[in-house]
There are 2 protein chains.
Amino acid sequence: MGIADDAVEVRARGWRTLAALHGLIESTLERRLGEAVGLSVVEYTVLDALDRQDGWHMRMQQLAGATALSASATTRLVTRLEDRGLLTRVLCADDRRGIYTELTPAGRELYERARPIHDETLERVLGEAAARPELAPLVDALHVVAPSEAALA
Amino acid sequence: MGIADDAVEVRARGWRTLAALHGLIESTLERRLGEAVGLSVVEYTVLDALDRQDGWHMRMQQLAGATALSASATTRLVTRLEDRGLLTRVLCADDRRGIYTELTPAGRELYERARPIHDETLERVLGEAAARPELAPLVDALHVVAPSEAALA
DNA sequence: GACATATCGTTGCACACGCAAATAGTCCGC
DNA sequence: GCGGACTATTTGCGTGTGCAACGATATGTC
């Protein structure tokens with residue numbers, strides 16, 4: 001077994017670890033957000049993405065990108081949230097194929113309520129993951145993805 | 001905004017990055033494995049986990065853990081693969097509630113055919129991800145999860 | 001030995017997803 | 001300004017998923 005074979009195995013192991021950590025975080029968030037505010041993880045992701053645009057619109061396709069969802073799933077997801085009064089569809093004038101979505105006051109209010117729960121849960125589950133030897137290295141590595149703002153503090 | 005607030009934001013950003021990378025890898029593997037050998041990612045994961053046990057059994061629950069799937073989804077997943085003749089259910093004598101699964105020769109053969117495709121695709125998609133600035137740091141960090149064998153080479 | 005309790009796997013059900021086809025709008029060459 | 005290629009979003013359809021309820025076995029208590 002040479003160096004190339006080892007590289008293959010390292011990648012495979014890294015991917016399994018990534019998938020395991022992702023599954024753990026997502027299922028925990030799913031449970032917690034569901035029971036606390038009646039939101040799924042993707043639904044929270046949409047609200048979070050829209051809020052981070054701060055009053056700005058977002059196209060369906062951007063939303064699909066942010067959620068890693070197909071176009072059709074995004075359509076239905078937005079429809080669900082619209083039916084609950086959390087966001088609205090806005091036709092945009094310059095490109096009339098495109099549809100913008102923005103948060104309603106109710107949507108913003110629910111997001112403000114959901115965010116602390118999301119953040120606490122994320123902190124807790126990352127702590128649990130750090131206690132598992134096979135996940136710990138990857139948990140530690142998550143810090144490196146956002147060096148900029150932390151360095152400015 | 002203090003240090004604690006930054007920690008929250010760093011975790012949230014890390015989680016978004018993790019989810020984005022996971023989504024990219026999974027959807028790419030899904031497409032490629034589907035068209036090449038007719039396997040989904042979870043199905044490949046089952047074959048891979050069973051093969052890595054090398055002739056050994058695996059309980060349903062271990063399989064559920066390895067795939068990050070619910071018990072019911074695991075039941076149906078195993079049923080699908082059993083119907084295709086890729087694995088068999090084996091009742092175990094010592095605990096008659098438990099059910100072991102093991103690969104059939106056909107299952108092992110298909111796995112051998114799928115593995116190089118899986119490995120190539122993983123290499124390619126990790127390369128693509130490394131080219132995206134927001135994903136690159138996490139891709140680099142994946143190496144750290146498997147220090148042992150690489151160091152022994 | 002019998003009952004309560006817990007664990008393992010399976011099934012009914014509702015629902016979210018991806019793919020492919022359909023619809024509506026834009027852009028470009030001419 | 002007209003036809004064709006392209007893009008953005010939506011709908012039909014089949015399928016995989018989680019949750020809750022169930023049957024079967026194991027374990028502990030009296």
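Letters go in sequence order (proteins before strands), and every chain restarts at 1. Hydrogens, waters and symmetry mates are skipped; everything else that's a heavy atom, side chains included, is used.
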Nearest whole angstrom, please: distance from the [atom2] of [N] to the [atom1] of [X].
X      : N      : atom1 : atom2 : result
B:E30  : C:dC17 : CD    : C1'   : 11 Å
A:L91  : C:dT26 : CG    : P     : 11 Å
A:M58  : D:dT9  : CE    : C1'   : 16 Å
B:M60  : C:dT11 : CE    : P     : 10 Å
A:L33  : D:dG18 : CG    : C1'   : 16 Å
B:H57  : C:dC8  : NE2   : P     : 18 Å
A:D94  : C:dC27 : CG    : C1'   : 14 Å
B:Y100 : C:dC8  : OH    : C1'   : 12 Å

message = If you only use heavy atoms from C-beta on, which nucleotide in C:dT26, D:dA26, D:dG18 is closest to the side chain of B:D95?
response =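 The listed nucleotide nearest to B:D95's side chain is D:dA26.
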Nearest to the side chain of A:R80, heavy atoms from C-beta on, is which of D:dT10, C:dG9, C:dA16?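 The listed nucleotide nearest to A:R80's side chain is C:dA16.
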**Prompt:** Taking for each residue the nucleotide of DNA chain C bearing the nearest heavy atom, is the 5' side occupied by B:Q61 or by A:T74?
**Reply:**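 Of the two residues, B:Q61 wins.
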Closest-nucleotide ordering on DNA chain C, the 5'-leading residue of B:R59 and A:A71: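 Residue closer to the 5' terminus by nearest nucleotide: B:R59.
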**Prompt:** Taking all non-hydrogen atoms of both residues, which atom of A:G38 and which atom of A:E43 are closest, and how far apart?
**Reply:**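 Looking at all heavy atoms of both residues, the shortest contact is O-OE1, 4.0 Å.
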Select base, sugar-phosphate, or nothing to describe what [X] touches, counting heavy atoms under 4.0 Å on all strands.
X     : result
A:L69 : sugar-phosphate
A:R76 : base
B:R31 : nothing

Subject >> B:E128/B:R124 ion pair, N-O < 4.0 Å >> reply: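 Yes, this pair counts.
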Query raised in the report: Below 4.5 Å, heavy atoms only, C-beta onward: do A:E82 and A:T101 meet side chain to side chain?
Result: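 No - every pair of side-chain heavy atoms lies 4.5 Å or more apart.
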Min side-chain heavy-atom separation B:T121-B:L33 under 4.5 Å =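 No, their side chains stay 4.5 Å or more apart.
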Does the C:dT7 base have a donor-acceptor partner in the side chain of B:R97 within less than 3.5 Å?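 Yes, a donor-acceptor pair under 3.5 Å.
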Original post:
Can a donor-acceptor pair under 3.5 Å be found between the side-chain atoms of B:S72 and the base atoms of D:dG18?
Top reply: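 Such a pair exists between side chain and base.
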For B:R96 and C:dT7, is the shortest distance between a side-chain N/O and OP1 or OP2 below 4.0 Å?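 So the side chain of B:R96 is outside the cut-off, no N or O lying under 4.0 Å from OP1 or OP2 of C:dT7.
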Checklist line | Centroid-centroid under 6.0 Å between A:H22 and A:W15 rings | finding: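 So the answer is no for these two rings.
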